[in-house]
Q: 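Shown below is the structure under consideration.
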Amino acid sequence: MIRSEQEQVRLGSLQQLRDLGINPYPAEEFIVSHRSEDLRDGFKEGVEVSLAGRMMSRRIMGKASFAELKDAQGSFQLYLNRDEICPGEDKTLYNSVFKKLLDRGDFIGVKGVTFLTKVGEPSVKVLEFKVLSKAIRPLPAVKTDEDGNVHDAFSDPELRYRMRYVDLCVNDKVKDTFVARSKIIRTLREAFDNEGWLEVDTPVLQAIPGGAAARPFATHHNALDIPLYLRIANELYLKRLIVGGFEGVYEFSRNFRNEGMDRTHNPEFTILELYVAYKDYNWMMKTIENLLGDVAKSVHGGKAKVVLAGQEIDFTPPYARITMRDAILENASVDIDKLDEDGIRSACKKLGIDVDESMGRGKLIDELFGEKCEHQYIQPTFITDYPVDMSPLTKTHRDKPGYTERFELFINGTEVANAYSELNDPIDQRERFESQAKLAERGDDEAMFIDQDFLRSLEFGMPPTSGVGIGVDRLVMMLTDQTSIQEVLLFPQMKPEQF
RNA sequence: GACUUGGUAGCUCAGCUGGUUAGAGCAUCUCACUUUUAAUGAGAGGGUCCUGGGUUCGAGUCCCAGCCAGGUCACCA
């Protein structure tokens with residue numbers, strides 16, 4: 001293996017540490033008394049502390065030095081004085097070990113006493129230090145000046161995503177994004193648990209990849225000798241649990257779709273699915289807008305207004321509600337209620353939308369909405385009442401024939417949530433699956449598979465239920481002002497690197 | 001999948017119509033420096049110019065093919 005100059009120097013230092021009897025990778029615990037931010041809060045001088053972390057920078061001034069020690073909370077300044085580190089004649093520990101053999105990026109543990117420097121910087125005067133782990137590769141040397149400008153940022157997206165560990169070490173804002181992601185998920189989970197809804201785990205490996213229309217990843221089970229698929233959705237399993245008597249179930253579901261990748265799509269992604277018995281989609285709209293208002297506040301210090309791509313998004317409920325028919329009427333001047341399938345098809349063609357004969361009425365309406373409407377909805381907006389043939393798992397509308405009780409939530413022109421009054425009529429559900437099968441014959445490769453066991457479960461009776469799926473990754477993007485899904489996934493999908 | 005932009009030192013980037021030994025800042029190494037904080041001063045080393053072909057007296061630069069990434073589009077109800 002070819003090593004760079006800097007790596008060779010570090011490997012040499014590693015050997016010299018060993019020659020001095022210092023284990024660069026010790027096994028024993030290092031007791032930490034404080035972490036950086038805790039120590040800074042209510043800082044007092046003269047406190048004995050022990051800290052551990054990564055040494056991010058050093059300023060050596062002859063017989064004294066300063067260093068930045070970075071832990072999970074932040075950074076803290078260390079002060080080292082030769083004669084306090086080495087009270088006797090032997091100055092090796094300071095002159096050789098600290099000044100020569102340690103490098104930026106090494107983990108060290110220190111024991112010392114807190115004090116304020118001349119310029120008032122809270123610091124630890126180090127009396128003892130210990131090598132905890134030697135780094136062989138140099139971290140990028142990112143520096144921030146007194147005005148907060150970042151110099152020589154580690155910014156190449158390919159390197160950042162492939163080596164997220166380095167990204168997290170040197171780009172503090174990256175860590176903040178993932179802390180926010182965790183907080184968003186925790187806030188959602190706490191809200192559901194407070195309602196008494198049950199968090200469940202359902203199969204990731206499925207024999208029939210149902211609940212959505214998407215190309216699955218296929219695999220094979222050797223012992224059973226059958227094909228299995230990574231789930232594209234978990235919806236049909238959660239409904240079986242409502243049949244089984246749970247009145248509220250939810251799952252943070254990692255789903256897998258074998259499709260294109262772009263700024264808002266990764267092959268694996270997380271959907272929060274929630275199903276609550278005896279509720280309808282009107283109740284779900286209220287629930288979702290209140291929930292997202294609270295989630296926004298939880299990550300923005302009590303404020304429900306967030307900035308996303310330079311625009312302010314207000315998560316304060318209530319959110320605008322508009323039917324799909326009215327949305328299309330407003331944005332494309334087409335009244336879908338007055339047109340049959342062929343009428344809508346020719347309206348699409350006039351608007352320059354690419355359509356073909358395999359598309360049914362619902363699919364045509366969906367194209368029309370996707371092309372002309374959805375990008376208009378920047379502030380949180382519920383689009384309601386979708387055509388029945390695009391929504392094979394949704395209850396028909398209580399008083400609008402041909403439509404369903406479904407809504408999607410759009411924020412910043414992107415779909416964030418999709419919810420229904422769930423279809424619980426087993427006869428109707430069977431017919432819907434059959435018409436999906438007909439669409440498939442007609443050439444629609446996104447039509448759903450028929451899941452006979454799911455139909456059987458409905459025949460045992462499912463209470464009226466409302467369900468929702470929330471795109472967790474997209475929600476995190478919107479609450480952390482990120483425009484790429486890769487920025488909210490710790491390890492976004494990449495082509496394998498050649499070593 | 002299509003189009004497009006890019007790939008040069010550990011990191012961030014220059015490198016003109018092809019022309020001596022490929023540059024800068026930070027980082028690294030050596031020396032100095034006992035309160036600095038983008039520490040400072042002096043000096044030094046460090047390169048598969050993404051890979052493979054081609055054109056040419058001569059290629060980081062031009063051409064072809066490939067690899068990887070970003071962006072846009074398609075796809076993803």
Side-chain angles (χ1 to χ4, degrees), chain A residues 2-10 12-13 56-68 75 77-85 94 100 103-105 115-121 123 125 135-163 166 170-171 212-215 232 255 257-267 269 324 354 359-360 362-370 374 386-387 389-394 406 408 415 418 436 439 444-448 483-484 486 492 494-498:
Chain A
I2 298 163
R3 290 290 189 180
S4 72
E5 183 194 34
Q6 295 194 47
E7 289 168 347
Q8 289 176 35
V9 168
R10 283 163 180 251
S13 300
M56 295 302 285
S57 69
R58 258 187 322 181
R59 295 178 289 281
I60 297 173
M61 284 155 297
K63 298 180 186 67
S65 300
F66 290 90
E68 293 301 320
S75 290
Q77 178 166 273
L78 306 179
Y79 171 75
L80 293 90
N81 180 308
R82 187 194 68 181
D83 295 330
E84 299 204 58
I85 299 282
Y94 180 77
K100 303 287 182 193
D103 292 288
R104 249 177 63 257
F115 77 109
L116 285 171
T117 64
K118 276 204 284 204
V119 292
E121 177 79 19
S123 306
K125 181 186 288 179
I136 296 308
R137 293 178 186 255
L139 286 171
V142 180
K143 294 196 173 188
T144 307
D145 67 21
E146 57 190 11
D147 300 325
N149 301 313
V150 177
H151 299 261
D152 303 311
F154 179 59
S155 58
D156 183 319
E158 179 171 5
L159 297 180
R160 287 183 50 233
Y161 301 149
R162 287 196 193 282
M163 297 190 285
V166 175
V170 302
N171 293 328
R215 284 170 60 196
I232 56 174
N255 294 343
R257 296 186 183 177
N258 201 345
E259 284 159 356
M261 295 163 59
D262 63 25
R263 267 197 353 272
T264 54
H265 297 84
N266 193 70
F269 61 103
M324 175 158 276
D354 199 17
M359 291 177 176
K363 178 119 183 162
L364 290 165
I365 291 169
D366 192 69
E367 286 290 321
L368 196 50
F369 180 77
E374 68 176 43
Y386 284 60
D389 49 349
M390 285 306 291
S391 309
L393 303 169
T394 313
R406 172 180 179 180
E408 290 187 341
E415 179 197 341
N418 181 16
Q436 286 288 303
L439 283 177
D444 186 345
D445 55 6
E446 290 157 1
M448 287 185 190
T483 53
S484 167
Q486 295 171 110
M494 304 282 276
K495 277 209 182 184
E497 199 176 350
Q498 297 299 315

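Chain A is the first sequence line, chain B the second, and so forth, proteins listed ahead of strands; every chain is numbered from 1. Keep in mind that the numbers below use all heavy atoms, side chains included, and drop hydrogens, waters and symmetry copies.
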Q: Compare the minimum distances between each of B:C68, B:G10, B:U35 and the side chain of A:K118, then state the nucleotide with the smallest one.
A: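 For the A:K118 side chain, the nearest candidate turns out to be B:U35.
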Q: Could you measure between the two C1' atoms, the one in B:U8 and the one in B:A14, and give it in whole Å?
A: 10 Å
Q: Taking pairing as Watson-Crick or G-U wobble with both contacts under 3.5 Å, can you name the mate of B:C49, or confirm there isn't one?
A: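 Partner of B:C49: none found under 3.5 Å.
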Q: Which listed nucleotide (B:C68, B:C11, B:A38) is nearest to the side chain of A:E158?
A: B:C68
Q: Once you apply the 3.5 Å cut-off to both distances, tell me the Watson-Crick or G-U wobble partner of B:G19, or none.
A: B:C57
Q: Return whichever of A:P496 or A:I60 has its heavy-atom-nearest nucleotide of RNA chain B closer to the 5' end.
A: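 Of the two residues, A:I60 wins.
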Q: Does B:U35 have OP1 or OP2 sitting under 4.0 Å from an N or O in the side chain of A:K125?
A: no
Q: Tell me which of A:D354 and A:A64 sits closer to the 5' end of RNA chain B, going by the nucleotide each one is nearest to.
A: A:A64
Q: Out of B:G10, B:U34, B:A39, which nucleotide sits closest to the side chain of A:A141?
A: B:G10
Q: State whether the side chain of A:Y79 and the backbone N or O of A:L116 hold a donor-acceptor pair below 3.5 Å, judged by distance alone.
A: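 No.
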Q: Any side-chain N or O of A:K143 under 4.0 Å from OP1/OP2 of B:C11?
A: no
Q: Do other residues, nucleotides or ligands put more than 12 heavy atoms under 6.0 Å from A:E146 CD?
A: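 Not more than 12 within 6.0 Å, no.
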Q: Between atom CG in A:L80 and atom C1' in B:A39, what is the gap in whole Å?
A: 15 Å
Q: Ignoring hydrogens and geometry beyond distance, is the side chain of A:Q77 in donor-acceptor contact with the base of B:U36 at under 3.5 Å?
A: yes
Q: Shorter than 3.5 Å, N or O on both sides, protein versus nucleotides 28-31 of chain B: list them out with atom names.
A:
from  : atom 1 : to     : atom 2 : distance (Å)
B:U28 : O4'    : A:Q6   : OE1    : 3.4
B:C31 : OP2    : A:K100 : NZ     : 2.7

Q: I need the CZ-C1' distance between A:R162 and B:G10, as an integer number of Å.
A: 18 Å
Q: For a side chain to side chain contact (heavy atoms under 4.5 Å, CB included) check, start with the C-alpha distance between A:N81 and A:K125, then their side-chain angles and the critical distance, and finish with the verdict.
A: CA-CA 8 Å; A:N81 180 308; A:K125 181 186 288 179; 5.7 Å; no
Q: It should be established whether A:R59 places a side-chain nitrogen or oxygen under 4.0 Å from OP1 or OP2 of nucleotide B:A39.
A: yes
Q: Which nucleotide wins on minimum distance to the side chain of A:S155, given the candidates B:U37, B:C11, B:C13?
A: B:C13
Q: Rounded to the nearest 0.5 Å, what's the gap from CD1 on A:I60 to OH on A:Y94? Could you check?
A: 6.5 Å
Q: Determine the Euclidean distance between corresponding C1' atoms of B:G66 and B:C26; express it in Å to zero decimal places.
A: 34 Å
Q: Please tell me which of the listed nucleotides, B:G70, B:U36, B:A38, lies nearest to the side chain of A:Y161?
A: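 Nearest listed nucleotide: B:G70.
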Q: Anything under 3.5 Å between a protein N or O and an N or O of nucleotides 71-73 of chain B, put it in a table, one pair a line.
A:
from  : atom 1 : to     : atom 2 : distance (Å)
B:U72 : OP1    : A:R263 : NH1    : 2.7
B:U72 : OP2    : A:R263 : NH1    : 2.6

Q: What's the spacing between A:K495 NZ and A:M261 CE if we round to 0.5 Å?
A: 10.0 Å
Q: Could you let me know what B:G1 is paired to, Watson-Crick or G-U wobble, both distances under 3.5 Å, or none if it's on its own?
A: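 Matched B:G1 with B:C73 under the 3.5 Å cut-off.
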Q: Using a cut-off of 6.0 Å, state whether more than 12 heavy atoms not belonging to A:R137 lie near its atom CZ.
A: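 Atom CZ in A:R137 is not packed in, count stays at 12 or less.
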Q: Please indicate whether A:D354 has more than 12 foreign heavy atoms, meaning atoms of other residues, nucleotides or ligands, lying under 6.0 Å from its CG.
A: no
Q: Would you indicate which nucleotide in B:U37, B:U36, B:U12 comes nearest to any side-chain atom of A:D152?
A: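 Selected nucleotide (nearest to the side chain): B:U12.
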Q: Could you go through the side chain to side chain contact (heavy atoms under 4.5 Å, CB included) check for A:F66 and A:M61 one step at a time?
A: CA-CA 8 Å; A:F66 290 90; A:M61 284 155 297; 3.3 Å; yes
